[in-house]
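Written out below as structure tokens is the structure these notes cover.
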Amino acid sequence: MEAMADLVESGKIRSVGISNFNAEQMRRAHKTLQKRGLPLAVNQVRFSLLDRSIERNGILDTAKELGSLSLIPLANSKEWG
């Protein structure tokens with residue numbers, strides 16, 4: 001996270017996002033970025049009609065608590081034919 005914060009501060013990227021972090025990892029990333037005055041923009045996680053685990057494992061609640069967006073692209077799966 002420190003390296004990502006460095007990239008934001010140097011203007012090479014606009015924001016920091018993460019992918020497939022669990023709730024505790026999200027909190028640690030948020031805390032690290034917050035110390036430098038930066039928000040955690042997004043956590044991209046897997047979601048489908050068959051796998052709605054983020055509703056039970058705390059990721060969605062943590063994103064709401066931290067004010068981060070949980071980007072949930074609908075997983076490419078067989079239920080769509």
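The basis for the numbers below is simple: all heavy atoms, side chains too, and nothing from hydrogens, waters or symmetry mates.
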Indicate the atoms forming the closest heavy-atom contact of [X] with [Y], along with that distance.
X   : Y   : value
A5  : L33 : CB-CD2, 4.0 Å
G58 : A23 : O-CB, 3.8 Å
M4  : I13 : O-CD1, 3.8 Å

- Message: For R52, give me all partners under salt bridge (Lys or Arg N to Asp or Glu O under 4.0 Å), at least two apart in sequence or on another chain.
- Response: E55
- Task: Using the side chain to side chain contact (heavy atoms under 4.5 Å, CB included) rule, take I18 and L40 through it: C-alpha gap first, then chi angles, then the decisive distance, then the call.
- Result: CA-CA 8 Å; I18 53 179; L40 175 59; 3.8 Å; yes
Once side chain to side chain donor-acceptor pair (under 3.5 Å) is applied, do any residues pair with [X], and if so which ones, sequence neighbours excluded?
X   : answer
T62 : R27
S53 : D51
Q34 : none
D6  : R36

Within this structure, what is the [atom1]-[atom2] distance for the pair [X] and [Y], rounded to the nearest 0.5 Å?
X   : Y   : atom1 : atom2 : answer
F47 : L60 : CZ    : CG    : 8.5 Å
I54 : N22 : CD1   : CG    : 13.0 Å
N20 : Q44 : CG    : CD    : 7.5 Å
S68 : M26 : OG    : CE    : 5.0 Å

- Message: Going by side chain to side chain contact (heavy atoms under 4.5 Å, CB included), name the residues that satisfy it together with T32, two or more places apart in sequence or in a different chain.
- Response: M1, E2
